[in-house]
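Structure first, then comments.
In each ligand, atom 1 is the first atom listed, and ligand 1 is the first ligand listed. Source: prediction; values computed, not measured.
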Amino acid sequence: MGKYLVVGSGLFGSVFANEAAKRGNSVQVIEKRDHVGGNIYTKEIEGIQVHEYGAHIFHTKMKDIWEYINKFANFNNYINSPIANYKGEIYNLPFNMNTFNKLWGVVTPDEAKEKIEDQRKRIGVQGNPKNLEEQAISLVGTDVYTRLIKGYTEKQWGQSAKELPAFIIRRLPVRFTYDNNYFNDPYQGIPVGGYTQIIDKLLDDDLIDVKLNTDFFDNKDKYLNSDRKIVFTGMIDKFFDYKLGELEYRSLRFNTEVLDEDNYQGNAVVNYTDAETPYTRIIEHKHFEFGKGNKGKTVITREYPQKWSRNNEPYYPINNKKNKRLYSNYVNLARSEYPNVIFGGRLGQYRYYNMDQTIMASLEAVKREFGE
Ligand code: FAD
Ligand code: UDP
């Protein structure tokens, strides 16, 4: 049987660790934070499950991944329907007939399409959109772009929407129906009692040894020279001491407050889409579980985008052309110098993965590793 050292107890590392241990392998997980779970970690405060690293809504098209995750928690039927606050005016998201009606007073899908087409023509976007701005205007027109996209996007990424890849905005549906469901996926929900239980079950104490507060880079050579195969879910560029250059990331600061009131904003997620408000969104955690929690208390988190530097957390990879090229050079280096190390997850694979895609990627790595 094999021996594995998994670096990082996020979703990728925990799924891999679980599958490897179930197959009879010896598995140790090291985690630099003081808790397991990576960015899906949730903690109970005032009877409310607080998403410590930003709102996490599970959604997927993949039935097998939905069945997989449901083995570790019961999911409620929460449907994400964030709203946008633009200078005190409220709009429904994703962009749909409710948004268009509020903005233009249009009532039918044809009226909305006509309005968008008119704005698109005036700007003259032709052919394949080259950047996020062109993509957004060609999907929803200039009014929606100006009020609901430009300010939010440029705060979130710290770059002009003209420099950002178009795919980022294609994450959001555009609908000509009165449907405020943020996702198109057939399966969606929030685990009742939070996400941490999922990781705790995956990292079953009887099967897996977990060491918290342990950074791989404090003893890199020792780990690399041991007889264990390494699954690395940290930053691939840092693994190589940035020797080909830094990949770019976007960081975040979360500011969480406990308030003495029952209901602060009436919705789990409110986006602030103007350029001036320094945060992008406020999460009111109790609404993910339909108001569960102690009476007279609520917990909110503001999310402030931050410039990434080597001292703060890399939350989002910035998958533009330059970084994609650099990442693929790191992959080549990994193949030639460390063919035995498996690089996985949002940071190891430098991908903007949702949770379902992270699980999928981890299960694929398991299949490749165990020849199934
Ligand atoms: P991570 O969760 O980052 O785990 C990596 C782990 O490795 C971390 O615990 C880290 O501390 C540890 N580590 C790193 N380096 C070292 C080291 N040197 N030594 C030891 N340990 C190390 N997905 C959705 O599906 N729905 C959502 O609504 C959603 N919302 C999101 C909101 C935000 C703000 C963010 C940032 C992400 C969101 N995601 C969402 C994505 C989701 O968080 C990821 O898909 C998932 O957490 C990725 O898991 P991972 O294991 O790859 O990475
Ligand atoms: N976005 C926007 N306005 C919004 C919400 C999202 O312009 O009100 C853009 C923004 O560029 C963001 C992208 O759409 O980065 C993807 O949004 P999503 O909610 O998927 O972002 P995530 O939850 O991954 O941060």
For A17 and V6, work out which heavy atoms get closest and say how close.
CB-CG2, 4.2 Å
Part of R281 with heavy atoms under 4.0 Å of ligand 2, whether side chain, backbone, both or neither:
side chain
What about Y316: any of its N or O atoms under 3.5 Å from an N or O on ligand 1?
no
What do you reckon, does R281 have a nitrogen or oxygen under 3.5 Å from a nitrogen or oxygen of ligand 1?
no
What protein heavy atom sits nearest atom 8 (O) of ligand 2, and how far away is it?
N271 ND2, 2.9 Å
Between E303 and ligand 1, does any nitrogen or oxygen pair lie at a separation below 3.5 Å?
no
Mind checking whether Y338 and F240 have parallel, tilted or perpendicular rings, split at 30° and 60°?
tilted
Can you tell me the protein heavy atom closest to atom 9 (O) of ligand 1 and the distance?
E31 OE1, 2.6 Å
Which residue supplies the protein heavy atom nearest to atom 3 (N) of ligand 2, what is that atom called, and how far is it?
L148 O, 2.8 Å
Polar proximity ligand 1 side, Y53 side, N/O cut 3.5 Å exclusive:
no
Check ligand 2 against I168 and write out every atom of the ligand that is under 4.0 Å from a heavy-atom position of the residue.
11 (O), 13 (C), 15 (O), 16 (C)
Option nearest atom 1 (N) of ligand 2 (shortest heavy-atom distance, choices F167, Y152, Y145, Y86):
Y152
The protein heavy atom nearest to atom 19 (O) of ligand 2 is Y182 OH, 2.6 Å
Test of proximity, R346 against ligand 1: N or O pairs below 3.5 Å
yes
Among Y272, F183, W157, the residue with a heavy atom nearest to atom 15 (O) of ligand 2 is W157
Atoms of ligand 2 under 4.0 Å from any heavy atom of I149, numbered from 1 in the order shown, are 7 (O)
For atom 21 (O) of ligand 2, what is the nearest protein heavy atom, given as residue, atom name and distance?
Y352 OH, 3.4 Å
Numbering as shown, the atoms of ligand 2 that approach T273 to under 4.0 Å (heavy-atom distance)
8 (O)
Could you find the nearest protein heavy atom to atom 20 (O) of ligand 2 and give me its residue, atom name and distance?
R171 NE, 2.9 Å
If you measure every N or O of G37 against every N or O of ligand 1, does any of those distances drop under 3.5 Å?
no
For E89, is there an ion pair with K102 - N to carboxylate O distance below 4.0 angstrom?
no
